[in-house]
Amino acid sequence: MAVNQGEDTVQLIKDVVDIAEIIGEHVSLKRAGTNLKGLCPFHSEKTPSFTVNPERKTYHCFGCGEGGDVFSFMMNFHRLSFVEALKELARKYQIPLPEKPLNPQELEKAQKREALQSANEKAAELFHQLLLSDPTAQKAREYLGKRGIPEEITTEFRLGFAPDSWNFLVNTLPKQNITIEAAKEAGLIVPREKSGFYDRFRNRVMFPIVGLTGRVVAFGGRILDDGQPKYMNSPESPVFDKSRTLFGLYQNREYIRQAKNCLVVEGNFDLLSLAVHGVRNVVAPLGTALTQAHVRSLKGYTDEVILLFDGDQAGLKAAMRSVPLFLSEQVTARISV
Ligand SMILES: [Zn+2]
């Protein structure tokens with residue numbers, strides 16, 4: 001959809017949107033007079049110098065000088081273009097956008113992101129339905145049972161099953177209005193050497209990775225037989241940057257804020273097992289070492305992070321390596337092995 005980004009629409013969205021609510025999803029804000037205050041999500045600090053003025057609908061950081069309105073926050077924090085920020089806010093507040101042509105590059109970029117997210121959403125839905133009720137998913141259900149994952153968790157995290165087939169998505173997605181091009185760009189299917197495509201994820205339990213806007217941006221998959229690799233993630237795409245994304249952050253963000261600390265575990269199953277036991281202030285990086293961007297995205301919720309790594313030499317090494325990241329972001333890190 002092309003959107004009208006004329007002054008009137010922009011003003012309407014500004015009027016309707018609660019900037020404290022939008023920023024408050026990512027930064028713990030406390031009231032300070034007429035303003036709200038919190039730790040700046042754009043630079044490292046220990047004492048809050050980031051303020052939000054709900055009446056003027058602006059934010060400003062006295063530490064690094066970042067500031068602006070709800071659009072600049074969306075653009076800078078989520079790395080969106082202006083049009084994407086506009087669309088995201090309009091979607092959230094159910095404001096219809098009258099149509100108007102965009103410039104061709106903006107249009108192409110916005111449409112591409114939209115197409116990739118739709119492809120991932122549709123794949124997540126298909127995988128989830130198979131896991132819940134398809135006879136071929138019996139071994140996946142048994143596997144989850146063995147790992148102690150009950151149905152509530154399966155449903156909440158929308159776990160799925162990718163069947164042992166080279167062309168399940170290749171055949172199914174086009175019938176559901178998802179183009180082969182979008183499925184390929186999202187990394188769901190892979191071009192064959194000569195012609196045609198095959199499914200990337202086969203015979204795997206699937207973990208949808210949800211971005212902070214609540215939509216599926218990628219998948220992790222755990223193989224169900226002796227095949228390799230044991231764990232596989234979607235490749236990076238215009239909607240998936242591995243070094244900025246944490247499994248479970250979307251589902252667990254309110255728990256992290258309430259607990260005022262966050263456990264970082266190594267694997268998706270570690271996170272789900274803790275969820276089964278009611279421990280929800282947890283995230284898992286996607287098979288990579290923690291990055292500065294990971295620490296920064298956690299900082300919006302808490303300034304204390306506890307690293308839970310395997311007690312072996314490699315686990316300890318990985319934990320030690322990430323310590324400087326926390327120091328530079330002024331986030332307290334504790335290591336528990
Ligand atoms: Zn700042």
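We count ligands from 1, going down the list as the structure has it; atoms in each ligand are counted the same way. Heavy atoms only: backbone and side chains are in, while hydrogens, waters and symmetry mates are out.
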### Task
Mind telling me whether F82 and F71 have parallel, tilted or perpendicular rings, with 30° and 60° as the class edges?
tilted

### Message
When you measure from the side chain of T302 to the backbone of K260, do you find a donor-acceptor pair of N or O atoms at a distance under 3.5 Å?
### Response
yes

Atom pairs and distances, side-chain donor-acceptor, residues 285-297, under 3.5 Å, sequence neighbours left out:
residue, atom, partner, partner atom, Å
T291, OG1, S243, O, 2.5
T291, OG1, A293, N, 3.3
T291, OG1, H294, N, 3.0
T291, OG1, H294, ND1, 3.3
Q292, NE2, S328, OG, 3.0
Q292, NE2, E329, OE2, 2.7
H294, ND1, T291, N, 3.0
H294, NE2, K242, O, 3.3
H294, NE2, S243, O, 3.4
H294, NE2, T245, O, 3.1
R296, NE, E329, OE1, 3.2
R296, NE, E329, OE2, 2.9
R296, NH2, E329, OE2, 2.8
S297, OG, A293, O, 3.3
S297, OG, H294, O, 2.9

Just distance, no hydrogens or angles: give the donor-acceptor pairs under 3.5 Å from side chains in residues 31-39, sequence neighbours left out.
residue, atom, partner, partner atom, Å
R31, NH1, G33, O, 3.3

Determine all donor-acceptor pairs shorter than 3.5 Å in which one atom belongs to a side chain in residues 180-193; sequence neighbours excluded.
residue, atom, partner, partner atom, Å
E185, OE1, K112, NZ, 3.2
R192, NE, F197, O, 3.4

### Query
Counting only heavy atoms not in E108, do more than 12 fall under 6.0 Å of its CD?
no

### Task
For the Zn ion (ligand 1), report each protein N, O or S atom nearer than 2.8 Å, sorted by chain and then by residue number.
C40 SG, H43 ND1, C61 SG, C64 SG

